[in-house]
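Basis for what follows: all heavy atoms, side chains included, without hydrogens, waters or symmetry-related copies. For the single chain, residues carry numbers from 1 onward in sequence order.
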Amino acid sequence: MNSTFSRLLRTLLLPLATSLHAQERPPVPEIGSTLPTNGVIAHDPVMIEQDGTYYLFTTGPGISVWTSTDLKEWTRQPGVFDPFPEWIPVAIPEFQGHLWAPDIYFHDGLYYLYYSASAFGKNTSAIGVATNRTLDRDDPNFKWVDHGKIVQSFPGVTNWNAIDAHIIDDADGTPYMSFGSFWGGLKIAKLMPDRLSLADCWQDLLTIATRVRENENGEEPGANAIEAPFIFHHGDHYYLFASIDYCCRGARSDYKVIVGRSESLLGPYVDREGEPLLDGGGTIILQGDKRWHGVGHNAVYTFDGADYIVSHAYDAEAHGWPKLRIDKIHWTEDGWPEVSAE
């Protein structure tokens with residue numbers, strides 16, 4: 001990684017880390033507590049439905065879990081890990097106990113939970129995966145089995161950050177994992193058929209989005225504030241959603257969600273104006289308002305025939321705590337997603 005860029009990134013993120021420690025922490029509800037959507041403390045939310053129950057997974061100690069039957073009221077469940085897999089502090093010595101940015105994915109009778117372990121503000125990071133045959137804790141087959149890390153990033157070695165994984169299959173059923181945060185932008189890699197390891201070489205990953213543009217002198221202009229890719233197939237296109245600017249600053253966060261699309265899963269992705277996401281493009285689809293600041297780290301799903309964008313936002317009326325957001329998406333005549341006013 002360019003040393004000037006590395007120093008700049010540390011300069012940008014140090015105040016952020018300091019503010020996180022200084023900020024008042026939100027209360028932790030007891031297991032079994034039920035809260036409305038806008039009362040759920042959630043960061044980096046993802047969701048899946050099984051047998052009429054919606055399961056929400058978020059960043060937290062061991063990955064936090066909530067359930068709902070109506071997408072309106074949520075009940076807190078025990079976390080996935082207690083406290084976390086043993087390989088993590090070995091691979092990530094600066095690990096602080098919180099697993100980040102999960103993704104939940106179903107294939108061939110198994111639920112796959114991908115998660116990130118990282119040192120804040122560094123690309124000392126790894127993506128791991130665990131599997132389960134059911135999400136229902138009352139089912140005798142319920143058991144999370146951890147399979148360790150899929151990929152790891154290293155300062156000064158990899159110009160990408162191994163966090164924020166999302167899994168999607170292409171039209172032929174081949175699985176791919178997109179991921180990334182800052183550094184060289186968003187990456188995508190093919191997975192092995194068992195979904196537990198990379199098929200692509202980690203030294204030669206494809207970039208699908210970045211905000212860094214080289215100037216006339218070939219210098220990097222600053223921190224690449226893009227992360228959390230999520231690819232959703234709709235109609236004839238794949239849509240790449242990503243978060244830009246900064247999370248994790250409470251009410252001072254300015255996170256936004258952008259989108260671009262491509263006829264190919266591997267891109268190139270362009271925004272509504274035709275600007276490539278590889279050249280800093282991206283149509284803003286979701287951003288903060290007077291109360292909800294820094295809306296981002298989204299996921300997109302179809303439930304009961306309706307499309308939803310799930311994200312977190314920082315509540316300016318509640319100490320800037322991150323809360324769960326679920327908004328409907330509608331599609332324009334020319335095939336672009338917009339957040340419904342409903």
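Counting only distance, with no hydrogens or angles, the side chain of D200 and the backbone of L191 share no donor-acceptor pair below 3.5 Å.
The shortest side-chain heavy-atom distance between D327 and V310 does not fall under the 4.5 Å cut-off.
Atom CG of D304 has 12 or fewer heavy atoms from other residues, nucleotides or ligands within 6.0 Å. In this structure, D70 places its CG atom where more than 12 heavy-atom neighbours from other residues, nucleotides or ligands lie under 6.0 Å away. Around the CG atom of N141, the shell of radius 6.0 Å holds more than 12 heavy atoms that belong to other residues, nucleotides or ligands.
W292 and N38 form no side-chain donor-acceptor contact under 3.5 Å, judged by distance and modelled atom types alone. Judged by distance alone, the side chains of T34 and T75 do bring a donor and an acceptor atom under 3.5 Å apart.
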Please report the C-alpha distance between D108 and R195 in whole Å, then the side-chain angles of each, then the deciding distance to 0.1 Å, and finally whether the salt bridge (Lys or Arg N to Asp or Glu O under 4.0 Å) criterion is met. CA-CA 11 Å; D108 196 23; R195 277 75 174 164; over 6 Å; no
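Residue Y115 is tested with F57, F81, F84, W100 for a ring-ring contact (aromatic ring centres under 6.0 Å, His included); the sole match is F81.
The aromatic ring centres of F230 and Y301 sit less than 6.0 Å apart. Taking the six-membered ring for Trp and the full ring otherwise, H43 and Y314 have centroids separated by under 6.0 Å. Taking the ring centroids of Y114 and F179, they lie at or beyond the 6.0 Å cut-off. Ring pair F154/W160: centre-to-centre distance not below 6.0 Å.
Between D254 and R249 there is no salt bridge, since no side-chain N of the basic residue sits under 4.0 Å from a carboxylate O of the acidic one.
Neither I167 nor Y238 shares a network with the other; the hydrophobic side chains, linked directly or stepwise wherever heavy atoms of I, L, V, M, F, W or Y lie under 4.5 Å apart, form separate groups for each. Hydrophobic clustering of Ile, Leu, Val, Met, Phe, Trp and Tyr side chains at less than 4.5 Å, counting indirect connections, keeps Y255 apart from V300.
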